[in-house]
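Model, not experiment: these values are computed from the prediction. In what follows, chains carry the letters A, B, and so on, assigned in the order in which the sequence lines appear, proteins first and then strands, with residues in each chain numbered from 1.
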Protein chains: 2
Amino acid sequence: MKMSAGVEWAVHCCVVLSQADGPVPAQRLADFHGVSRTYLAKHLQQLSRAGLVRSTEGRVGGYALTRSAEEISVLDVVLAIEGREPAFRCTEIRQNGPLPATGEVCRRPCGIARAMYAAEDAWRASLAAVSVADLATGVEEDTGAQTFVRLRGWLATG
Amino acid sequence: MKMSAGVEWAVHCCVVLSQADGPVPAQRLADFHGVSRTYLAKHLQQLSRAGLVRSTEGRVGGYALTRSAEEISVLDVVLAIEGREPAFRCTEIRQNGPLPATGEVCRRPCGIARAMYAAEDAWRASLAAVSVADLATGVEEDTGAQTFVRLRGWLATG
DNA sequence: CAAACGCGGATAGAAAATGTCTGAGTTGAT
DNA sequence: ATCAACTCAGACATTTTCTATCCGCGTTTG
């Protein structure tokens with residue numbers, strides 16, 4: 001059970017975008033994080049389809065958050081990249097074999113699936129409690145108040 | 001982010017084993033659940049290596065739980081099959097690019113990784129709170145008290 | 001010894017993740 | 001109007017993982 005590396009990229013990009021004044025091109029985001037531009041572009045498009053970022057085309061285009069960083073949770077980003085499918089997929093093997101569970105019982109998910117879904121709900125709740133703004137605050141606490149000043153400078157001049 | 005289908009098989013097998021009197025062969029477990037014997041055998045070997053089940057070789061061999069079903073959590077089974085690696089793998093891209101995070105800061109994981117790990121801890125805690133015995137109780141509640149009687153009968157005669 | 005069983009490795013196809021490339025369309029500047 | 005920079009969508013290639021099968025080997029019981 002592994003999460004795509006694109007999730008890490010996308011969350012980092014959202015933190016950067018939360019500090020930017022205008023649209024930031026994919027090229028710039030890729031350079032800043034030292035990752036492939038073309039592949040990052042895929043993930044940014046997923047964020048765009050999910051409505052988390054807006055893309056502006058043309059000469060001075062790029063990506064910008066569609067709402068304030070307080071209103072974007074880590075869960076939003078994870079779901080945009082990983083999809084909304086639960087990690088556990090019940091194949092109803094209780095209906096197989098010589099003693100299959102019958103129709104009426106199977107109206108609700110089996111106990112195993114319920115336990116798995118409950119755990120995923122707890123996971124999602126934990127991720128929903130952290131916003132991109134929280135992450136940005138954490139970066140400043142970890143690395144100093146000058147970090148985002150330098151970031152904005154690099155984004156402007158680069 | 002998807003969980004292997006083997007997890008579902010393995011948990012179902014543990015519930016069956018919790019109701020068995022003696023060792024149950026892989027062939028029997030596969031027949032009961034209507035899945036491939038050779039592939040299920042792989043997962044049973046993983047459970048064995050993780051110490052959740054004991055295998056008896058030879059003519060009347062098979063698998064049996066090593067401890068009581070109360071003492072085996074769903075998390076134990078999931079970790080045995082999926083491995084103990086966290087789903088989120090931080091590649092430290094904050095150390096890349098024109099403004100890399102420096103060594104001292106990177107002594108502890110970045111805020112993004114911390115949020116991800118916290119969510120996985122919540123997920124694990126939820127799974128750890130459910131035992132195989134709880135699942136067996138749930139099956140009886142869902143399908144009636146005769147279910148496991150019939151199961152034991154099929155295991156004995158089959 | 002033969003039959004039933006678990007164990008480990010080798011193998012292979014399918015699916016998904018990862019990464020690249022190209023062409024079309026859009027926008028601002030000259 | 002033209003050009004350059006940029007996004008977007010999709011096609012394509014590569015690599016890894018999942019799923020599944022098979023075989024040989026050692027073990028145990030009858």
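- Distances shown here put a side-chain N or O of B/Ser48 below 4.0 Å from the OP1 or OP2 atom of C/dC7.
- Formation of a donor-acceptor pair under 3.5 Å by the A/Thr56 side chain with backbone atoms of A/Gly62 is found in this model.
- B/Arg89 contributes no side-chain N or O that, together with a main-chain N or O of A/Ala5, makes up a donor-acceptor pair within less than 3.5 Å.
- No donor-acceptor pair closer than 3.5 Å links the side chain of A/Asp142 to the backbone N or O of A/Val139.
- You'll find the side chain of A/Glu82 reaches within 4.5 Å of the side chain of A/Met3, heavy atoms only.
- For the side-chain contact (heavy atoms from CB on, under 4.5 Å) test, residues two or more places apart in sequence or in another chain that qualify with A/Asp76 are A/Leu52, A/Arg67, A/Ile72, A/Ser73.
- Within the nucleic acid shown, A/Ala26 comes within 4.0 Å of sugar-phosphate atoms alone, with no base atom in reach, counting heavy atoms only.
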Per-nucleotide protein contact string for nucleotides 24-30 of chain C, where B marks a base within reach and S marks sugar-phosphate only (heavy atoms under 4.0 Å, - for neither): --BBS--
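- Checked for salt-bridge contact, B/Asp121 and B/Arg124 meet the test: a charged N lies under 4.0 Å from a carboxylate O.
- In this model, the phosphate group of C/dC7 is approached by a side-chain N or O of B/Ser55 to a distance below 4.0 Å at OP1 or OP2.
- Contacts of B/Ala26 classified as side-chain contact (heavy atoms from CB on, under 4.5 Å), with partners at least two apart in sequence or in another chain: B/Leu44, B/Tyr63.
- Summary of helix geometry: the two end axes of the helix from C/dC1-D/dG30 to C/dT30-D/dA1, each defined by five base pairs via their C1' atoms, are inclined to each other by 10° (rounded to 10°).
- Pairs of residues two or more places apart, or lying in two chains, that qualify as side chain to side chain donor-acceptor pair (under 3.5 Å) and include a residue from residues 5-18 of chain B are A/Thr91-B/Glu8.
- Contacts of B/Arg54 with the nucleic acid, taken as non-hydrogen atoms under 4.0 Å apart, are absent.
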Contact pattern, 5' to 3', of nucleotides 12-25 of chain D - B, S or - by protein heavy atom under 4.0 Å: -----S-BBB----
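- With respect to B/Phe32, the side chain to side chain contact (heavy atoms under 4.5 Å, CB included) criterion is satisfied by exactly one of B/Val24, B/Leu151, B/Leu155: B/Leu151.
- Counting only N and O atoms by type, the side chains of A/Glu104 and A/Thr102 include no donor and acceptor under 3.5 Å apart.
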